[in-house]
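The sequence lines fix the lettering, A, B, ..., with proteins before strands; numbering per chain opens at 1.
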Protein chains: 2
Amino acid sequence: MFSIGDLSRRTGVKVPTIRYYEQMGLVAAPERSDGNQRRYGRQELERLAFVRHARDLGFGVDDIRALIELSGHPDQPCGHADSIAAEQLASVREKIARLKRLETELERIATCCDGKTVGDCYVIRALSDHALCADDHA
Amino acid sequence: MFSIGDLSRRTGVKVPTIRYYEQMGLVAAPERSDGNQRRYGRQELERLAFVRHARDLGFGVDDIRALIELSGHPDQPCGHADSIAAEQLASVREKIARLKRLETELERIATCCDGKTVGDCYVIRALSDHALCADDHA
DNA sequence: GTAATTCCTCTAGTCACTAGAGCTTCAAGA
DNA sequence: TCTTGAAGCTCTAGTGACTAGAGGAATTAC
Ligand SMILES: [Zn+2]
Ligand SMILES: [Zn+2]
Ligand SMILES: [Zn+2]
Ligand SMILES: [Zn+2]
């Protein structure tokens, strides 16, 4: 049996975060000791590792809840799980695309200043005038 | 003189967001009509456009406040403005790097499932086992 | 037995908004 | 001038995924 601190050390999930996941229904409420402290077993450790991994990959809490629910029904078709993963991939790709547009503009903004005072500063000028931007990064 | 709705249409910033920016000190509290409604001039429109542009480029509220404060002192050296922009560029690049690592893993996770049921689903298996990942995306 | 550490619950704060309730003011047509 | 409907006002609370802290109880090590 692990205490919540043991579980935290083994999974890298902070103690208050484990309690938060319990509240959110990502992890089942475990047994308690006589003194009302949480006591976990191997199964809970694995589930928490699953949650942690999915969070690290950027899945939202609702997606993770759905994936856990699904994994409890191994005979059902897995199309839903596959589509959650595909959506997550698409969302990551969108974020990358947007950030790359920002990178292009910021590269110019951050490296083109040859002024000495705020009055000549290219950073300030560029932020004041979107027409100087190459791209519609909005 | 513009009403808050006029300002919103001209800048693309939603009305409640304009009021929020005023509360946060990004935009000065404007004059009021006899009936206590906000009335803006050309100057406030420009400042709001500046704020909007900086937000679109990902700058945080504190950075924007500092940049506005600086731009009110055109004779000061602009090193601080330049470094705020450089930090923002670095932060965007870090985010891109992290998302690209996620993209690599998610690509595999989302496309390698050839199972039919949840029991065989590669998505579920991959999320349960970080050892299948190529990279340390944590 | 005692002291240090860990645990408990609960509330509130983070960031940058967004939504809604309940009320007042403004602008345009009849 | 009157009326109606849009737009404005303030204030509170909710979002996502935690994080911090208060104030107290349980556990563990010596
Ligand atoms: Zn400069
Ligand atoms: Zn721009
Ligand atoms: Zn599958
Ligand atoms: Zn992994």
State whether [X] places a side-chain N or O below 4.0 Å from either non-bridging phosphate oxygen (OP1 or OP2) of [N].
{"X": "A/Tyr21", "N": "D/dC18", "result": "yes"}
{"X": "B/Arg38", "N": "D/dC9", "result": "yes"}
{"X": "B/Ser3", "N": "D/dG8", "result": "yes"}
{"X": "A/Arg32", "N": "C/dT9", "result": "yes"}
{"X": "B/Arg19", "N": "D/dT10", "result": "no"}

Considering only side-chain heavy atoms of [X], which listed nucleotide, [options], is closest?
{"X": "A/Val15", "options": "D/dT27, C/dC7, C/dC26", "value": "C/dC7"}
{"X": "B/Ile4", "options": "C/dC8, D/dC9, C/dC26", "value": "D/dC9"}
{"X": "B/Arg55", "options": "C/dT18, C/dC17, D/dG8", "value": "C/dC17"}
{"X": "A/Ser33", "options": "D/dT19, C/dC17, D/dA26", "value": "D/dA26"}
{"X": "A/Lys14", "options": "D/dT19, D/dT27, C/dC26", "value": "D/dT19"}
{"X": "B/Gln37", "options": "C/dT25, C/dC8, C/dC17", "value": "C/dT25"}

Here the side-chain hydrogen bond (donor to acceptor under 3.5 Å, both in side chains) pairs for residues 10-19 of chain A, sequence neighbours left out, are none
Find out whether [X] and [Y] are in side-chain contact, i.e. whether some heavy atom of one side chain is under 4.5 Å from a heavy atom of the other.
{"X": "A/Pro74", "Y": "B/Thr117", "value": "no"}
{"X": "B/Glu22", "Y": "B/Ile18", "value": "no"}
{"X": "B/Asp82", "Y": "A/Tyr122", "value": "no"}

From [atom1] of [X] over to [atom2] of [N], roughly how many Å is that when rounded to an integer?
{"X": "A/Asp56", "N": "D/dA17", "atom1": "CG", "atom2": "C1'", "answer": "13 Å"}
{"X": "B/Met24", "N": "C/dG13", "atom1": "CE", "atom2": "P", "answer": "13 Å"}
{"X": "A/Ile18", "N": "C/dT6", "atom1": "CD1", "atom2": "P", "answer": "14 Å"}
{"X": "A/Phe59", "N": "D/dC18", "atom1": "CZ", "atom2": "P", "answer": "14 Å"}
{"X": "A/Glu22", "N": "C/dC10", "atom1": "CD", "atom2": "C1'", "answer": "15 Å"}
{"X": "A/Asp63", "N": "D/dG16", "atom1": "CG", "atom2": "C1'", "answer": "13 Å"}
{"X": "A/Met1", "N": "D/dT28", "atom1": "CE", "atom2": "C1'", "answer": "18 Å"}
{"X": "A/Tyr20", "N": "D/dT19", "atom1": "OH", "atom2": "C1'", "answer": "11 Å"}

Rounded to the nearest 0.5 Å, what separates atom CD in A/Glu94 from atom CG in A/Leu99? 11.5 Å
Would you mind telling me which residue lines up with the more 5' stretch of DNA chain C, B/Asn36 or B/Val61, judged by nearest nucleotide? B/Val61
Closest nucleotide of DNA chain C for B/Asp34 versus for B/Asp62: which of these residues is on the 5' side? B/Asp62
Quick one: do the A/Asp136 and A/His130 side chains pair a donor with an acceptor below 3.5 Å? yes
